[in-house]
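Numbered from 1 within each chain, the chains take letters A, B, ... in sequence-line order.
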Amino acid sequence: MPELPEVERVRRELEPVFRGQRISRVVLNRENLRRPFPVGFVTRLEGQTVGTIARRGKYLFFLLSSGEMLLVHLGMSGSFRVARRGELPAPTSDDPGHDHVVIDLTSGVRVVFNDPRRFGVMDLMAAGPPGDGLALGPEPLDPAFDAEVLARACARRRTPIKVLLLDQGVVAGLGNIYATEALHRARLSPRRAASTIATRSGRPRPAARRLALAIKEVLTAAIERVPGRRYRESRFRAYEREGERCRRRGCRGVIRRIVQAGRSTFYCPVCQR
DNA sequence: ATTGAGACCTGTCGGC
DNA sequence: TGCCGACAGGTCTCAA
């Protein structure tokens, strides 16, 4: 499920739960997710007090009093539940289903990590700037990410712009939905070679300016959006709207679905050029 | 150096 | 009802 906005929302939900709390108990209901839990995972977590939770791209970093950091990636289907102890089955129930990790805090709160597809990751890493060593590109909401940076990353790249936006080394945190949505917002065809929005004579093209801005707008709106009625309806302007009318004012196009790098892309062939 | 295809998993949904 | 394929918001690795 989660791209940058969803991960950021998880961060905001969990930080007040964890911050300043000590981890009293950790239970693993299996030995791996996408990859094995690191050696000593449980003992290195138990007894630690958690500080802030940082985010880089789609990764979360729980800062521990030991100096280590707990790294979490939600993959496709990872999620956390927060409950009071006792509201849930014992952490070592016979059938944990997809509840792979249970974390008890001294506050009496229990946090459960659930991940049916197990594309998620949990790991422990040495102290350091969150994200170091993960080869992530800039944070799209950081002012340092702008049209120039984006244009430079596009230079001489013949790959379609949509595919390039999914490259976490180019910009960290976009996934299939928000790459799709940003391109719709910027009125850019997902099929365009990335190089066609690169710099020209040292200046970013207007397309690069529109796209950098659209990325920021789409992500910001998604972080702040409040779920509610019509949430699903109004969520996307292109994603999963194949066959529907383009929602851009004045545009009479119909949203098409294509496959790029094995993933669905939705776009309006009329207003996205 | 890039790029595409396949692999990793389970769940859901639509069609027959 | 059941079976089957297509598809799902993400990486990672391998081969061309």
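Atom-to-atom, NE2 of H100(A) to P of dT10(B) comes out at 9 Å; the value is rounded to the nearest Å. The distance between atom CG of L166(A) and atom C1' of dT2(B), rounded to the nearest whole Å, is 16 Å. Atom CZ of R118(A) is separated from atom P of dC12(C) by 17 Å (rounded to the nearest Å). To the nearest angstrom, C1' of dC9(B) lies 12 Å from CZ of R34(A). Distance L219(A) CG to dG9(C) C1': 13 Å, rounded to the nearest Å. Separating the CD atom of E181(A) from the P atom of dG9(C) is a distance of 12 Å, rounded to the nearest angstrom. Separating the CG atom of N32(A) from the P atom of dC12(C) is a distance of 15 Å, rounded to the nearest angstrom. Here dT11(C) presents its C1' atom at 15 Å from CG of L174(A), a figure rounded to the nearest Å.
The hydrophobic cluster containing V26(A) also contains V17(A), counting ILVMFWY residues as joined when their side-chain heavy atoms lie under 4.5 angstrom apart, directly or transitively.
G175(A) comes within 4.0 angstrom of the backbone, heavy atoms only, and of no base.
On the P atoms, dA5(B) is 14 Å away from dC7(C), given to the nearest whole Å. Remark: the separation of the P atoms in dG11(B) and dC12(C) is 23 Å, to the nearest Å.
The closest side-chain donor-acceptor pair between S189(A) and Q272(A), if any, does not fall under 3.5 angstrom.
Of all the residues in residues 153-163 of chain A, R157(A), R158(A), T159(A) reach under 4.0 Å from DNA chain B with at least one non-hydrogen atom.
Remark: dG6(B) base-pairs with dC12(C); criterion is Watson-Crick or G-U wobble with both hydrogen-bond distances under 3.5 Å. Across every strand in view, dC3(C) sits in a pair with dG15(B) that passes the Watson-Crick or G-U test at under 3.5 angstrom.
Taking 4.0 Å as the cut-off between side-chain N and carboxylate O, E240(A) and R235(A) do not count as a salt-bridged pair. Between R9(A) and E13(A), no side-chain nitrogen of the basic residue sits less than 4.0 Å from a carboxylate oxygen of the acidic one, so the salt-bridge criterion is not met. Using a 4.0 Å cut-off between charged side-chain N and carboxylate O, R247(A) and E181(A) make no salt bridge.
Taking 3.5 Å as the limit, the base of dC9(B) and the side chain of R117(A) contain a donor-acceptor pair of atoms between them.
Taking side-chain N and O atoms only, H98(A) has a distance below 4.0 Å to OP1 or OP2 of dG11(B). Between R263(A) and dG9(C) there is a side-chain polar atom (N or O) within less than 4.0 angstrom of OP1 or OP2.
A distance of 7.5 Å separates CG in L183(A) from CD1 in I215(A), rounded to the nearest 0.5 Å. Distance CG/N176(A) to OH/Y239(A): 5.5 Å, rounded to 0.5 Å.
Ring stacking is absent between F119(A) and dT11(C), as the pair misses the limits of under 5.5 Å between centres and under 30 degrees between planes.
Heavy-atom nearest nucleotides on DNA chain C were determined for Q168(A) and for R257(A), and the one closer to the 5' end corresponds to R257(A).
The side chain of H73(A) sits closest to dG10(C) out of dG10(C), dG9(C), dC12(C). Between dC12(C), dA8(C), dG9(C), one nucleotide has an atom nearer to the side chain of S264(A) than all others, and that is dA8(C).
None of K216(A), R55(A), K58(A) except one satisfies the salt bridge (Lys or Arg N to Asp or Glu O under 4.0 Å) rule with E139(A); the exception is R55(A).
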